[in-house]
2 protein chains.
Amino acid sequence: MAMQRPFLHPTLDDVTLESVLYALADPVRLSIVCKLSSGNCPMNCSSAAPIRLPKSTQSHHYQVLREAGLIRSERRGTEVVNTLRCTEIDAKFPGIIPAILAAVARGTGCAAAVETKIATITIAEGHAKD
Amino acid sequence: MAMQRPFLHPTLDDVTLESVLYALADPVRLSIVCKLSSGNCPMNCSSAAPIRLPKSTQSHHYQVLREAGLIRSERRGTEVVNTLRCTEIDAKFPGIIPAILAAVARGTGCAAAVETKIATITIAEGHAKD
DNA sequence: TTCAATGGTTCCATCAACATGAACTAAACA
DNA sequence: TGTTTAGTTCATGTTGATGGAACCATTGAA
């Protein structure tokens, strides 16, 4: 049985500012990074992503984050655990990640809204089924 | 004769972290912001954009920067002068813009490569004509 | 006034990249 | 050998970047 394709992580040299900014410019991905950052420990994909997000969409977002150099992914049995590469990134681009996370934490960034929005949709669907 | 359509600038409240990051995630736009920042004075579109960039492309990028809240544009006769709204943005999202500009200034960001790339193309075209 | 030059904008087509639903796969375990 | 779990891959509609062509407003000269 063929081994599953391994994950590719860019070296720090290959990480570009543009890719990092691009990866963080999406509310879902920003929310994932925030959750990984607040958890401070490896998290599998489902637990770090907003609830009720299609798996394919999750997989895509993790790929973007991984290829931008923001996270490191490792297989553990059936699941994939992800950790932030914040320390490395902060060594190359000092201050950027902390400033962004701080903005989100203050509520001026709207990553929190993703959870709220999805919760709202969930509620609306629940009502629709009534 | 009809007045030219006025520019629309978002209020600081309407500026989102995601839009700001998205706008800065493009090498051309990042290069424009750097040039405006280093100049520290209003600059018209052509002088802030990388050389040899088609006018329609410039126009598009200025629109994205304007709608993200990063620049303010005003008509002065036949030209449009642009200024950074860094002070405002920095009040809402402290530290982000300075950290990004610092990364570019150190050469770890690749916005400078835009000019280099275009200069290379220009040289190559020059050679081709020989 | 009329006319050309300047500096941008708008429209359009093209091509690449992203988001997501449907179908598929590897690993773990009964 | 099922069956469940957790992600991946494929196919497709949507969006964004790019750049050529045509257009518009302002300025300055004849």
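Here is how names work: the chains are called A, B, and so on, in the same order as the sequence lines, proteins then strands, and each is numbered from 1.
Between the P atom of C:dA19 and the CG atom of A:Leu53 lies a distance of 10 Å, rounded to the nearest Å. A:Glu74 has its CD atom 18 Å from the C1' atom of C:dA26, to the nearest Å. Remark: P of C:dG7 and CG of B:Asn82 are 14 Å apart, rounded to the nearest angstrom. Summarising the geometry, the separation between CZ on B:Phe7 and C1' on C:dT9 is reported as 8 Å, rounded to the nearest angstrom. Rounded to an integer number of Å, the gap from B:Arg52 CZ to D:dG20 C1' is 15 Å. With rounding to whole Å, A:Leu24 atom CG is found 14 Å from C:dC18 atom P. Rounding to whole angstrom units, CD1 of residue A:Ile71 and P of D:dG7 are separated by 11 Å.
Residues B:Thr11 and B:Asp14 have side chains that bring a donor and an acceptor to within less than 3.5 angstrom of each other.
Across the interface with DNA chain C, nearest-nucleotide mapping of A:Pro54 and A:Gly77 shows A:Pro54 to be the residue nearer the 5′ end.
OP1 or OP2 of D:dA17 lies within a sub-4.0 Å distance of a side-chain N or O belonging to B:Arg29. Remark: A:Tyr22 is not in phosphate contact with D:dG16, judged by side-chain N or O atoms under 4.0 Å from OP1 or OP2.
Counting only heavy atoms from C-beta outward, the side chains of A:Ile96 and A:Leu17 approach each other to under 4.5 Å. A heavy-atom distance below 4.5 Å is not found between the side chains of A:Asp26 and A:Val64.
Side-chain proximity of A:Glu79 to the nucleotides D:dA17, D:dT5, D:dG7 is greatest for D:dG7.
With side-chain heavy atoms closer than 4.5 Å counting as contact, directly or through intermediates, the hydrophobic cluster containing B:Phe7 also holds B:Val80.
A:Ala68 and A:Val15 make their closest contact through O-CG1, 3.4 Å (heavy atoms, listed as atom of the first residue, atom of the second, distance). Closest approach of A:Leu21 to B:Leu24, counting heavy atoms only: CD1-O, 3.6 Å.
Sequence neighbours left out, the pairs with a member in residues 59-68 of chain B that pass side chain to side chain donor-acceptor pair (under 3.5 Å) are B:Arg29-B:His61, B:Gln63-B:Glu67, B:Arg66-B:Ser73.
For residues 55-65 of chain A, proximity to DNA chain D is found at A:Lys55, A:Ser56, A:Ser59, defined as any non-hydrogen atom under 4.0 angstrom from a strand atom.
If you check every strand for non-hydrogen atoms under 4.0 Å, B:Arg76 touches nothing.
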